[in-house]
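These notes are about the structure you will find just below.
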Number of protein chains: 2
Amino acid sequence: MELQNYIAKNGIPLEIEKGKQVFAQGELCDYVYLVKSGLLKAFYITADGKETIKSFIQAGTIIGSLNAAHCKVPSTFSLEALSRSELVQVPFYELLALSKKSISISQEFIQILLSLSLKKERREYELLTLSATERFENLCKDQPELVKKLTQNDIAKYLGITPVALSRIKHQ
Amino acid sequence: MELQNYIAKNGIPLEIEKGKQVFAQGELCDYVYLVKSGLLKAFYITADGKETIKSFIQAGTIIGSLNAAHCKVPSTFSLEALSRSELVQVPFYELLALSKKSISISQEFIQILLSLSLKKERREYELLTLSATERFENLCKDQPELVKKLTQNDIAKYLGITPVALSRIKHQ
DNA sequence: GTGGGGCATTAACCTATGTTAAAAATCACA
DNA sequence: TGTGATTTTTAACATAGGTTAATGCCCCAC
C-alpha cells in the first residue's frame, strides 16, 4: 500500500476520455500509472494491421510498459480507455529509486512483480493449452462482471480469435 | 550476481540425469534452482494428457515454480532434464528473507523479476499474434544453438502445435 | 423521427492445424 | 555392424477458425 499511496500522493492525475489513448505503441513511455477508476485495454497492432488485446485494466491496478520504462525502448503496445478513466502518473525510475532507499517499498515492488508474473503465466498457459472455446468459458467464469462491460469485438481480440469466430462459439 | 553467488555457495547441489524430473506438476515445491550446466524443459500435462512446453532452461538461469513457492500451492508444471544437468537448490523463502535484509539483494531480485516479466510478455505476444510458422522462424533466428539441441517433438510442443504440423511447416 | 456508424449474426467458402496410421530415417548400443 | 527403439516424414481425412460479405440491430446525432 505504501507504494500505491506514494503514487496517489505524488503522481500527476490524468483523465482519459473513452476511446482516447494514454500512450501508443511505438512511443517511449517511462511512466507507470495507477488506475483510480474506469476501464482500459492494452493492445498490440500487428504488422498486418490487426489488433489483439493483451489485457484489460480495471480500477486499482498499476499499469505501464515495463519494457519501455525499464529498457528505454518504445512501447510494444498501446493503452486506451474503454470508458472514461482516472489515472495517476508517476515516472518509473522514481519508483525504482524509491525502492533503492526503502526495504519495505522494494518488498512491495517484489510482491507486485511476483503477482504480475503469476498473471502472465496463467495467460501463457491458457494460450498454449486451451481452445478458444475453453478460454472463453474460463473468462466468463472468472470475470463475469468484466465480460458484461466488453463488446464481443474486444472479447474476441483478447481471446486471439475474430469476432465472427466468437459469435459462432457463443451460438454453440 | 550477489544472489547467484549466495545460491551457489549455500544451496544443495543436485545432479539430474537425462529424462529425470526435478519436480513434477501437482507437487509442492518451494525451492528455486540455479542451473549450472545442462538443459531442461518446463512443461504442462493437460487434462487430456497432452504435453505442452512452457520453456527451455539453459545454464545460468534461475528457475522454479514461483507460483508454487510463493503461494504454497502445487506446481502447475514439471521440470525435466533433456540432458544431464547440474543444479543448485535453495528454498525460495530463504531468498525472500535475504531480500528483506539487504537492499542490494532485493534490487537484484527486482531485476530478475523484471526480466522474467519481459520474457513472458514476449512469449504472450508471440502466442497471441503470430502463426505457428512465424513462431518457428523466430525461434530459429533467436536461438539457433538451442534449436539444434532439441527434438522436433519438443520444438513442436513448445510452439503449441503437433510434431506432424511442424514437419509440414519445415517442409515448406 | 431519420440517417449513419459501428456491432453482432449468419452464411459460404478457404486454410491451417489436428488425428491417425504407416513408412522411412535415424539413433543407441549390444 | 545389426537390430530394436525412437524420431521424422508422408498421406488422407476431419475440424476449428479465418475471410468476406450481406443483413439486421442499436444507438446516437442532428
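Naming: A, B, ... by sequence-line order, numbering from 1 per chain. Heavy atoms only: backbone and side chains are in, while hydrogens, waters and symmetry mates are out.
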Nucleotide nearest [X] (side chain, heavy atoms from C-beta), chosen from [options]:
X: B:Ile161; options: D:dG17, C:dG18, D:dT8; value: C:dG18
X: A:Val164; options: D:dG17, C:dT17, D:dT20; value: D:dT20
X: A:Ala132; options: C:dC7, D:dG17, D:dT9; value: D:dG17
X: A:Ala165; options: C:dT9, C:dG18, D:dG18; value: D:dG18
X: B:Thr162; options: C:dA11, D:dA11, C:dG18; value: C:dG18

Is the phosphate of [N], meaning OP1 or OP2, less than 4.0 Å from a side-chain N or O of [X]?
X: A:His171; N: C:dT10; answer: yes
X: A:Asn153; N: C:dG6; answer: no
X: B:Lys50; N: C:dT19; answer: yes

Given atom [atom1] of [X] and atom [atom2] of [N], what is their separation to the nearest angstrom?
X: B:Leu159; N: C:dG18; atom1: CG; atom2: P; answer: 10 Å
X: B:Ile155; N: D:dT9; atom1: CD1; atom2: P; answer: 10 Å
X: B:Asp154; N: D:dT6; atom1: CG; atom2: P; answer: 15 Å
X: A:Lys18; N: C:dG6; atom1: NZ; atom2: C1'; answer: 11 Å
X: A:Gln152; N: C:dT10; atom1: CD; atom2: P; answer: 11 Å
X: B:Ile169; N: D:dT9; atom1: CD1; atom2: P; answer: 12 Å
X: B:Leu166; N: C:dT17; atom1: CG; atom2: P; answer: 11 Å
X: A:Gln172; N: D:dA16; atom1: CD; atom2: P; answer: 11 Å

> Does the cation-pi check pass for B:Arg123 over B:Tyr158, that is, NZ or CZ under 6.0 Å from the six-membered ring centre and within 45° of its axis?
Replying inline: yes
> Are side-chain N/O atoms of A:Glu134 and A:Ser131 paired as donor and acceptor at under 3.5 Å?
Replying inline: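 A donor-acceptor contact under 3.5 Å links the two side chains.
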> For A:Ser167, which contact category applies under a 4.0 Å heavy-atom criterion: base, sugar-phosphate, or nothing?
Replying inline: base
> Take atom OH in B:Tyr33; do more than 12 heavy atoms of anything else shown fall under 6.0 Å from it?
Replying inline: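 Yes, enclosed.
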>> Assuming nearest nucleotide by heavy-atom distance, tell me which of A:Arg168 and B:Lys170 is located more 5' along DNA chain D.
In response: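 Per heavy-atom nearest nucleotide, the more 5' residue is B:Lys170.
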> So, B:Glu126 and B:Arg122, do they make that salt bridge, N to O below 4.0 Å?
Replying inline: yes
> Under a 4.5 Å cut-off applied to non-hydrogen side-chain atoms, are B:Glu80 and B:Gln21 in contact?
Replying inline: yes
